[in-house]
Participant: 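I have a structure I would like to understand better, so I am pasting it below and will then ask my questions one at a time.
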Amino acid sequence: MWQNSKPYLFLLPAITMIFVLFVMGLGEGISQSLGVYSSTDKLHFAYYVQLWSDPNTWSSLKFTFKIAFLSTLSSGILGLILSVVLLRTSDQTPLLFKTLQLPLLLPHFIGAYFIVLLCMQSGFLARIAYLLGFISDPSQFPILVNDHWGLGIILTYIWKETPFIAWMLYPVLKRIQNTWWDAARLSGANRFQYMREIVLPLVFPTWLTSCFIVFAFTFSAFEIPYLLGVSYPQALPVLSYELFTSGDWEKRSLALALSLSIAFITGILGFFTYILGKRIRTQKGVGW
Amino acid sequence: MFKSHKSWALLQLFLFIIILFPFIMMLLFSFFTGWSWPHLFPQTLNVSAWSYLFSGNAGVQEAITNSLVIAFSATAVNLLLALPAAHALAQHTFAGKKIVEALLFAPLIIPPFVAMMGLQITLIQWNLTDTRLGVTIAHLVPTFPYLLRPLYTSFTTLASEWNAQARLLGASRLQRFWYVSLPHLMPGILAGVMLSLLVSFSQYLITLLIGGGAIKTLPLILFPYITSGDLRMGATFSILFTAVTLSILFIVEWCLKRFYKHRHTVPM
């Protein structure tokens, strides 16, 4: 009996914490988004209807999705390339290898600060453009920060997430590195075949998972769109925050309906990625 | 890939520049003023940003103290929760394991700020909003999965035979943990503690939601300088933040490595 209940006992403190602070928080959020603040209130979906019948919410959704998608795609591709570079620097240039860990240690808002410095209309890049004779005045430089396209936001995410993906892939590549190449060459495979048949299938599940983590994060993160965004269209988490802190109870419920919609989308995405990852693994018989 | 040595060297140089350039620029901007168009760099040496930072008016000391106390308390509590949890997940099979795993790692996928928005009313009733304790409690959720993951991996590679052997040799439960398990888990603990500290240091929204602006941490005092476009103060605070973060990480790494080394010399 003791042996059977032991793992549950060990898990109890952690589960209690997550349950009280996370699950109950979500539960209370759901009930508040349905207009239930006390036991006498009647449950209704009016806030969700109001929220999603507003075209403003839809343009925020499109904007947020675009940022998340473009950031994930760019850092996914760049991160894959960087992971190969990491593999080589690990033996050849330990100093660079160490340096490449730096972006992992720093939060996004430091990156945001630097993107402002670099990309604003009178920023470093604009001055270089001036020196090269492309523009004669700051106003001629394109608006890259606090722009309607969210370019500054995307650039900040690329700065931070490319190393993240590279460092997720690095241990996988490290394990493949030499032994498998020798075996493949012995069986008569060339470099290209080796890449396509061995490296890519082994790296793909980890790459997909990392990309998903990046997407879920960039879709639901508040800080960078708050710092580098514009007032219209706003990213969903920023919109939610503004509604939440407006001091109006109706808007507070709207904010919770919106936040839970965000949580629902990332939750669904997480579930599908998990299923997809599992299917890939069982199909190819790859355990790592 | 990158066959010629020349292109490889160029690529490396490019990476060095891309990573280190922001820090060089930040240093420049915190020590110099007068960035008039079209100068590439600010022109005049001026340390007023730094003297303001240390003048006591900027609330820097309070922010550093808050950031450190919150990050270390949340990490310590999470370590106590995560150690037994990681042990159970890695070394036991039991009914409902998949569900428990999904639950404990869920804050990585479902943004914790959503739960904090929902929990805010309850925390107000418990008098936990606008307090450091409340913010610390709120930081437990986003940091926990980052601490759990490396511990989980460490426990997975910890062979149960080692403990069995130690038991055979007459080691007590505590001795087995101290001499067998802990040295093996140390790298995982180290990685988890660092990640947890980093995640706590960089929280903004959750600190604001639960701390109500009354509990000022480093990100809270840094943000206004970025939104207002005050490049000089922004740079100075960013350097301060980077310096605090990196020195904490170095100290933690140094302490744990020392401990680790010392433990290896213990005759077993």
Side-chain angles (χ1 to χ4, degrees), chain A residues 4 6-8 10-11 13-15 17-18 21-30 32 84-85 88-89 93 96 99-100 102-103 105-110 112-114 116-117 120 122 124 127-128 130-131 138 213 216 220-223 227 237 241 244 255-256 259-260 262-263 266-267 270, chain B residues 1-2 11-12 15-16 19-20 22 25-26 29 37-40 80-82 84-85 87-89 92 94 100 103-104 106-119 121-122 137-138 140-141 144 198 201-202 204-205 219 222-223 226-227 229 231 234-235 238 241-242 245-246 249:
Chain A
N4 285 339
K6 196 173 153 195
Y8 298 107
F10 275 23
L11 282 161
I15 291 177
M17 187 276 285
I18 290 290
L21 296 179
F22 188 67
V23 180
M24 266 173 58
L26 289 176
E28 285 188 38
I30 291 171
Q32 288 163 30
V84 180
V85 176
R88 236 180 112 162
T89 49
T93 337
L96 179 60
T99 311
L100 283 166
L102 214 52
L105 301 177
L106 295 175
H108 283 83
F109 49 76
I110 303 267
Y113 165 78
F114 185 65
V116 171
L117 186 78
M120 65 182 192
S122 58
F124 191 77
R127 286 158 202 248
I128 286 184
Y130 173 84
L131 287 180
I213 294 173
S220 58
F222 164 82
E223 278 88 349
L227 287 172
Y241 170 77
F244 189 81
L256 280 154
S259 293
L260 283 156
I262 300 170
T266 56
Chain B
M1 234 180 256
F2 317 116
L11 180 76
Q12 286 189 312
L15 284 172
F16 260 121
I19 306 270
L20 294 178
M25 287 294 265
M26 275 184 219
F29 272 83
W37 181 269
H39 291 296
L40 274 186
L80 289 177
L81 302 176
H87 171 86
L89 287 175
H92 295 267
F94 52 91
V100 172
L103 183 71
L104 295 182
L108 286 180
I109 302 302
I110 295 171
F113 82 84
V114 182
M116 288 309 150
M117 278 185 175
L119 206 62
I121 293 181
T122 309
I137 290 172
L140 290 177
V141 180
F144 181 75
L198 281 176
F201 277 146
S202 27
Y204 176 82
L205 183 54
L222 170 63
F223 264 47
I226 304 180
T227 44
L231 290 176
S238 296
F241 187 92
T242 310
T245 311
L246 290 184
L249 293 188

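So you know, we letter chains A, B, ... as the sequences are listed, proteins then strands, and number each from 1.
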Participant: Considering only heavy atoms and a distance below 4.5 Å, find which of A/Met120, A/His108, A/Glu28 pairs most often with chain B.
Facilitator: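 The candidate making the most pairs under 4.5 Å is A/Glu28.
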Participant: Considering all heavy atoms of both residues, which atom of A/Gly267 and which atom of B/Ile110 are nearest to each other, and what is their separation?
Facilitator: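 That closest heavy-atom pairing would be CA-CG1, 4.4 Å.
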Participant: Can you tell me how far CZ of B/Phe241 sits from CD1 of A/Ile110, rounded to the nearest 0.5 angstrom?
Facilitator: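 The CD1 atom of A/Ile110 sits 6.0 Å away from the CZ atom of B/Phe241.
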Participant: I'd like to know which of A/Ala14, A/Pro103, A/Pro237 tops the heavy-atom pair count under 4.5 Å against chain B.
Facilitator: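 Looking at each option in turn, the highest pair count goes to A/Ala14.
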Participant: For A/Leu131, is it the side chain, the backbone, both, or neither that has a heavy atom closer than 4.5 Å to a heavy atom of chain B?
Facilitator: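 The answer is the side chain of A/Leu131.
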Participant: Less than 4.5 Å to any heavy atom of chain A: does that hold for the side chain of B/Tyr204, its backbone, both, or neither?
Facilitator: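 For B/Tyr204, backbone and side chain are both near chain A.
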Participant: Check each atom of A/Leu21 against the heavy atoms of chain B and say whether the ones under 4.5 Å are side chain, backbone, both or neither.
Facilitator: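 Contact with chain B is through both the backbone and side chain of A/Leu21.
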Participant: So which atom in A/Phe109 and which in B/Ser202 form the shortest heavy-atom distance, rounded to 0.1 Å?
Facilitator: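 Of all heavy-atom pairs spanning A/Phe109 and B/Ser202, the closest is CE2-O, 3.7 Å.
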Participant: Would you mind checking which part of B/Ala138 comes under 4.5 Å of any heavy atom in chain A, side chain (CB onward), backbone (N, CA, C, O), both or neither?
Facilitator: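 Neither part, no heavy atoms under 4.5 Å.
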Participant: What is the minimum heavy-atom distance between B/Leu40 and A/Arg127, and which atoms define it?
Facilitator: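 For B/Leu40 versus A/Arg127, the nearest heavy atoms are CD2-CB, 3.7 Å.
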Participant: May I ask you to check whether over 12 heavy atoms, not counting those of A/Tyr130, lie within 6.0 Å of atom OH?
Facilitator: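 Counting other residues, nucleotides and ligands, OH of A/Tyr130 stays at 12 neighbours or fewer.
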Participant: So do B/Leu231 and A/Val116 actually touch side chain to side chain, heavy atoms under 4.5 Å?
Facilitator: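 A side-chain contact exists here, since the closest heavy-atom pair is under 4.5 Å.
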Participant: So what's closer than 4.5 Å to chain B heavy atoms on A/Phe244: side chain, backbone, both or neither?
Facilitator: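 For A/Phe244, the side chain is the part near chain B, not the backbone.
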Participant: Measure distances from A/Leu106 to the heavy atoms of chain B and classify the residue's part below 4.5 Å as side chain, backbone, both or neither.
Facilitator: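 It is the side chain, since no backbone atom gets that close.
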Participant: Which pair of heavy atoms, one from B/Gly118 and one from A/Gln32, lies closest together, and at what distance?
Facilitator: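 For B/Gly118 versus A/Gln32, the nearest heavy atoms are O-NE2, 3.1 Å.
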Participant: Chain A heavy atoms under 4.5 Å from B/Ser238: which part of the residue, side chain, backbone, both or neither?
Facilitator: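 Both backbone and side chain.
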Participant: Measuring heavy-atom distances to chain A, does B/Leu140 have an atom under 4.5 Å in its side chain, in its backbone, in both, or in neither?
Facilitator: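 It is both, since atoms from each part get that close.
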Participant: Please look at B/Met116 and chain A and tell me whether the side chain, the backbone, both or neither of the residue comes under 4.5 angstrom of a heavy atom of that chain.
Facilitator: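 Interface part for B/Met116: side chain.
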Participant: Does any backbone or side-chain atom of B/Ile121 lie under 4.5 Å from a heavy atom of chain A? Answer side chain, backbone, both or neither.
Facilitator: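 Contact with chain A involves both backbone and side-chain atoms of B/Ile121.
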Participant: Chain A heavy atoms under 4.5 Å from B/Leu222: which part of the residue, side chain, backbone, both or neither?
Facilitator: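 For B/Leu222, side-chain heavy atoms alone lie under 4.5 Å from chain A.
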Participant: Are A/Phe22 and B/Leu119 side-chain neighbours, meaning at least one heavy-atom pair lies under 4.5 Å?
Facilitator: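 When only atoms from C-beta onward are counted, B/Leu119 and A/Phe22 do not touch, as no gap falls below 4.5 Å.
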Participant: List the atom of A/Leu105, the atom of B/Leu198, and the distance in Å for their closest heavy-atom pair.
Facilitator: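 That closest heavy-atom pairing would be O-CD2, 3.1 Å.
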Participant: Please find the pair of heavy atoms, one from A/Ser259 and one from B/Val114, that lie closest to each other, and give the distance.
Facilitator: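 So the two residues come closest at O-CG2, 3.6 Å.
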Participant: If you round to the nearest 0.5 Å, how far is CG of B/Leu20 from CG of A/Leu96?
Facilitator: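 Reported to 0.5 Å precision, the distance equals 9.0 Å.
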Participant: Are the side chains of B/Phe94 and A/Leu11 in contact, using a 4.5 Å heavy-atom criterion?
Facilitator: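 Yes, at least one pair of side-chain atoms sits under 4.5 Å.
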Participant: Are B/Pro111 and A/Phe222 side-chain neighbours, meaning at least one heavy-atom pair lies under 4.5 Å?
Facilitator: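 They are not in side-chain contact.
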Participant: With a 6.0 Å cut-off on the ring centroids, do B/Phe113 and A/Tyr241 count as close?
Facilitator: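 Ring centres of A/Tyr241 and B/Phe113 not closer than 6.0 Å.
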Participant: What part of A/Ile18 gets closer than 4.5 Å to chain B, counting heavy atoms only: side chain, backbone, both or neither?
Facilitator: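 The answer is the side chain of A/Ile18.
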Participant: Is it the backbone or the side chain of A/Leu102 that comes under 4.5 Å from a heavy atom of chain B, or both, or neither?
Facilitator: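 Side chain only.
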